[in-house]
Amino acid sequence: VSSFVQGQMSKGVANGGMAQFQEMMRQQLESSMHAELEKLLDTSTGAEREVSKKDFEGFKNIFHRFLQVKGPSVEWIKIQRPPEDSIQPYDKIAARGLPDNVADSLNKLVVVKLNGGLGTSMGCKGPKSLISVRNENTFLDLTVQQIEHLNKTYNTDVPLVLMNSFNTDEDTKKILQKYTHHRVKIHTFNQSRYPRINKESLLPVSTNLSMTGQNSEGWYPPGHGDIYASFHNSGLLDQLIAQGKEYIFVSNIDNLGATVDLHILHHLVSQPNGKRCEFVMEVTDKTRADVKGGTLIQYEGKLRLLEIAQVPKAHVDEFKSVSKFKIFNTNNLWISLAAIKRLQEQKAIDMEIIVNPKTLDGGQNVVQLETAVGAAIKSFDNALGINVPRSRFLPVKTTSDLLLVMSNLYSLDAGSLTMSPKREFPTTPHVKLGSSFTKVQEYLTRFESIPDMLELDHLTVSGDVTFGKNVSLKGTVIIIANHGDRIDIPAGSMLENKIVSGNLRILDH
C-alpha cells in the first residue's frame with residue numbers, strides 16, 4: 001500500500017500477529033479517512049454537498065478495496081488464451097448482412113463519448129474535444145455530424161451522451177448551444193470527483209470542497225471506469241431505459257475511428273434473449289506501436305482485460321510481445337443498459353484499481369485511485385471480443401496523429417474519416433514530430449499547408465523545421481535540424497526516401 005503503512009505493519013509484526021495487526025491498521029486508516037471525508041462535507045451545503053456525498057460513497061468503496069489488495073491482481077500462471085469463439089473476427093459478423101429495418105436497431109442505441117480529458121498534452125486550454133482536427137471541425141463537431149447523419153439517413157433518434165469531468169463540464173456546456181438546431185439530442189452527465197490522497201498518510205490533501213486556490217489540485221476524475229456509477233447516479237441511465245434504449249456504444253472522443261457500426265449493433269440486438277451478449281469489446285491486431293495496450297485473456301473461466309499496470313515486472317516483455325498477446329483493446333465498447341443497471345444495483349461491477357502516483361506543483365506526492373471502463377468485462381454475461389479492422393482505432397493523442405488526420409490520407413464525409421482509396425496499402429505511415437511541434441498552435445505555424453502524404457511510409461522531424469506550401473513526402477523521410485540550425489522545406493518540394501540535415505533558410509527577397 002504505502003511506505004507509511006508498510007512501516008507501521010512491520011513494527012506490528014515484531015509484536016506478533018501479522019494478520020491481526022494488518023486488519024487493525026486497515027480499520028484505523030479507514031476510519032481516519034471517513035472522518036476526514038465528513039469534515040470535507042461539512043465545509044459545504046446544498047447541492048454541492050449532496051453531489052460530493054454520492055461521490056464519496058464511491059470513493060470509500062475504492063479506498064476500502066485499495067487497502068485490501070495483497071500483491072498483483074493476476075497470477076501469471078493462471079492466464080490463458082481466450083477460447084476461439086470468445087473473440088470473433090469482424091468479417092464473420094459483417095457477413096451476416098443487415099436487416100431491412102436498420103432503424104429499429106438504431107432506435108435501441110445510445111452513443112456515449114468519454115469527454116473528461118483536457119487538451120493540455122497538446123498545449124491547448126480547455127476540453128480536448130474542442131480542438132480543431134479537420135477543416136475547422138472539432139472532435140465534438142465530427143461526433144455530432146456522424147450521429148446527425150445516421151438520424152437523417154434512417155429517420156431515427158440516436159442520442160449523444162457526453163461523460164464530462166469537472167475539468168470539462170462548464171466549457172462543453174457553453175459550446176453545446178451551437179447544436180440546438182441539429183438533429184441529435186445531446187445529454188451530459190459528470191464523472192465523480194474524488195480526493196487525491198497524500199502518499200504517506202493516505203488522507204485527503206484538500207481542506208474543503210472548493211476547487212479554488214490551494215484545493216484546486218486536491219481533486220481528480222477517477223478514470224473512465226467511473227462511467228457505471230456516475231451514469232447510474234445521474235438518473236440518465238433510468239431515463240434512457242424508459243425510452244426503450246438497450247445498448248450504449250462507448251468510446252473515447254479523440255478516437256476518430258469510433259463510428260457507429262451497424263453490423264456490430266445488429267449482432268447485439270439479434271441475439272436470442274437467453275443468450276444476450278451484455279458486453280462487446282472491440283479489439284484489433286497489435287503492431288509494434290501498440291505494445292502498451294490492454295489485451296483480452298481468459299482468467300478463471302471469464303474473459304478479462306489485462307492492462308500493463310497489472311503485469312508483474314518479470315513478465316512485462318512477454319506482455320509486450322506481439323506473438324503471445326496478438327490483440328489490444330481499442331476502448332470501443334458496446335454495453336447493455338439493463339445489465340449496467342442490474343450490476344450497479346447489486347454493487348457487482350468488479351474493476352481492478354489502477355494506482356496512479358502524481359506529484360503536485362508544490363512537490364507533494366499524492367496517489368489517485370482509478371478504474372478503467374473495459375476492466376468490468378468480467379462482470380457481464382456472454383461478453384465477447386470482436387477483432388475489428390485497424391481503421392476503427394484512430395486516436396489523436398499528439399500532433400503527429402493530428403498531421404495524419406489533417407492530411408490527404410483521409411477524406412471526410414458526414415463527420416467520418418476514411419482512408420483515401422488512392423493510398424495503395426491500408427496501413428498508416430509512422431510519423432514522429434519533435435518537441436518543436438508538440439503544441440498545436442506551434443505545430444500549425446510550421447506548415448504553410450499540410451504535405452501530400454499518400455505515398456509516405458515513415459516521417460521523422462526533429463528541431464526547428466518548417467514546411468512551405470504543396471510539399472510532397474514519399475517513402476521514408478527524415479529531417480533533422482541540429483540545435484541552432486533551421487531547415488525550411490521549400491514550397492513545392494518532393495522528398496522521396498531522403499534524409500535532410502544541416503541548415504536551410506529561405507528568406508523573402
Chemist: Taking atom NZ as the centre, does Lys439 end up with more than 12 heavy-atom neighbours from other residues, nucleotides or ligands that are less than 6.0 angstrom away?
Modeler: no

Chemist: Which of these, Arg304, Arg81, Met281, sits in a side-chain contact (heavy atoms from CB on, under 4.5 Å) with Leu296?
Modeler: Met281

Chemist: Who passes side chain to side chain contact (heavy atoms under 4.5 Å, CB included) against Gln80, sequence neighbours left out?
Modeler: Gln298

Chemist: NE2 of His266 to CG of Asp104: how many Å apart, nearest 0.5 Å?
Modeler: 11.5 Å

Chemist: Evaluate side-chain hydrogen bond (donor to acceptor under 3.5 Å, both in side chains) for Asn155 paired with Arg183, printing each intermediate quantity in order.
Modeler: CA-CA 10 Å; Asn155 191 24; Arg183 190 170 163 178; 2.6 Å; yes

Chemist: For the pair Phe380 and Phe279, name the ring-plane relationship: parallel under 30°, tilted 30 to 60°, perpendicular over 60°.
Modeler: tilted

Chemist: Salt-bridged, Lys275 to Asp381, with N to O below 4.0 Å?
Modeler: no

Chemist: So, taking the atom named OG in Ser129 and the one named CD1 in Ile175, what distance separates them when rounded to the nearest 0.5 Å?
Modeler: 8.5 Å

Chemist: Could you please spell out the steps behind the side-chain hydrogen bond (donor to acceptor under 3.5 Å, both in side chains) verdict for Asp285 and Asn387?
Modeler: CA-CA 7 Å; Asp285 292 341; Asn387 190 340; 3.0 Å; yes

Chemist: How far does OG of Ser234 sit from CG of Asn190, to the nearest 0.5 angstrom?
Modeler: 9.5 Å

Chemist: Within 45° of the ring axis of Phe189 and under 6.0 Å from its six-membered ring centre, is that where the NZ or CZ of Lys173 lies?
Modeler: no

Chemist: Which pairs pass ring pair (Phe, Tyr, Trp, His ring centres under 6.0 Å) with one or both residues in residues 138-179, sequence neighbours excluded?
Modeler: Tyr179-His182

Chemist: Please check if any side-chain donor atom of Glu48 sits under 3.5 Å from a side-chain acceptor atom of Ser44, or the reverse.
Modeler: yes

Chemist: Can you name the ring pair (Phe, Tyr, Trp, His ring centres under 6.0 Å) partners of His64, sequence neighbours left out?
Modeler: none

Chemist: Kindly state whether the ring of Trp334 and the ring of Phe249 have centres lying under 6.0 angstrom apart.
Modeler: yes

Chemist: Whether the side chain of Asp141 engages the backbone of Thr138 through a donor-acceptor N/O pair (distance < 3.5 Å, no angle test) should be reported.
Modeler: yes

Chemist: For residues 31-51, which residue pairs pass the ring pair (Phe, Tyr, Trp, His ring centres under 6.0 Å) check, not counting sequence neighbours?
Modeler: none

Chemist: Would you say the side-chain atoms of Asn198 pair up with the backbone N or O of Ser201, donor to acceptor, closer than 3.5 Å?
Modeler: yes

Chemist: Would you indicate whether Lys432, at its atom NZ, is surrounded by more than 12 heavy atoms from other residues, nucleotides or ligands within a distance under 6.0 Å?
Modeler: no

Chemist: For Asp226 and Ser192, which I'm curious about, is there any donor-acceptor pair between the side chains at under 3.5 Å?
Modeler: yes

Chemist: Ile340 pairs by side-chain contact (heavy atoms from CB on, under 4.5 Å) with which of Leu237, Ile241, Ile227?
Modeler: Leu237

Chemist: Check the surroundings of atom CD in Glu345: do more than 12 heavy atoms from other residues, nucleotides or ligands lie under 6.0 Å from it?
Modeler: yes

Chemist: If only atom types and distance count, is the side chain of Gln310 paired as donor or acceptor with the main-chain N or O of Glu307 below 3.5 Å?
Modeler: yes

Chemist: Do Leu162 and Lys113 have side-chain heavy atoms sitting under 4.5 Å apart?
Modeler: yes

Chemist: Determine, for Glu50 against Lys53, whether the closest basic-nitrogen to carboxylate-oxygen distance falls under 4.0 angstrom.
Modeler: no

Chemist: What residue pairs, at least two apart or across chains, pass side-chain hydrogen bond (donor to acceptor under 3.5 Å, both in side chains) with a residue in residues 368-379?
Modeler: Arg196-Gln368, Glu352-Lys378, Asn356-Glu370, Gln368-Glu370

Chemist: For residues 121-128, tabulate all N or O donor-acceptor pairs below 3.5 Å that involve a side-chain atom, not counting sequence neighbours.
Modeler:
residue: Lys128; atom: NZ; partner: Asp254; partner atom: OD2; Å: 2.8
residue: Lys128; atom: NZ; partner: Val396; partner atom: O; Å: 2.7

Chemist: Are the side chain of Thr284 and the backbone of Val388 linked by a donor-acceptor contact shorter than 3.5 Å?
Modeler: yes

Chemist: Does Gln271 reach the main-chain N or O of His267 with its side chain, forming a donor-acceptor pair under 3.5 Å?
Modeler: yes

Chemist: Could you check Asp290, Thr428, Thr330 and say which one makes a side-chain hydrogen bond (donor to acceptor under 3.5 Å, both in side chains) with Arg390?
Modeler: Asp290

Chemist: Taking the six-membered ring for Trp, are Phe328 and Phe393 closer than 6.0 Å centroid to centroid?
Modeler: yes

Chemist: Evaluate the side-chain hydrogen bond (donor to acceptor under 3.5 Å, both in side chains) criterion for residues Gln191 and Asn164: first the C-alpha distance (whole Å), next the side-chain angles of each, then the deciding distance (0.1 Å), finally the verdict.
Modeler: CA-CA 6 Å; Gln191 247 176 304; Asn164 298 340; over 6 Å; no

Chemist: Return yes if some donor-acceptor pair links the side-chain N/O of Tyr299 with the main-chain N/O of Glu75 below 3.5 Å, else return no.
Modeler: yes

Chemist: Check for a donor-acceptor pair, side chain of Arg276 on one end and backbone N or O of Val269 on the other, with a separation under 3.5 Å.
Modeler: yes

Chemist: May I ask you to decide if Ile264's main-chain N or O and Asp261's side chain share a donor-acceptor pair within less than 3.5 Å?
Modeler: yes

Chemist: If you count the non-hydrogen atoms of other residues, nucleotides and ligands that lie under 6.0 Å from NZ in Lys302, is the total more than 12?
Modeler: yes

Chemist: Of the options Phe66, Phe63, Phe59, Trp219, which is the one that meets Tyr194 in a ring pair (Phe, Tyr, Trp, His ring centres under 6.0 Å)?
Modeler: Phe59

Chemist: Can you confirm whether Leu256 sits close enough to Tyr410 that some side-chain heavy atom of one is under 4.5 Å from a side-chain heavy atom of the other?
Modeler: no

Chemist: Please check if atom NZ in Lys178 has more than 12 non-hydrogen atoms from other residues, nucleotides or ligands closer than 6.0 Å.
Modeler: yes

Chemist: To the nearest 0.5 Å, what is the distance between CG (Leu41) and CD (Glu36)?
Modeler: 11.5 Å

Chemist: First locate atom OG1 of Thr359, then atom CG of Asn365, and finally report the distance between them rounded to the nearest 0.5 Å.
Modeler: 4.5 Å

Chemist: Taking Asn208 for the side chain and Thr43 for the main chain, is one N or O donor matched with an acceptor at less than 3.5 Å?
Modeler: no

Chemist: Just by distance, with hydrogens left out, do Ser251 and Asn332 show a side-chain donor and acceptor under 3.5 Å apart?
Modeler: no

Chemist: Under the 3.5 angstrom rule, does the side chain of Asn255 hit a backbone N or O of Gly257 as a donor-acceptor pair?
Modeler: yes

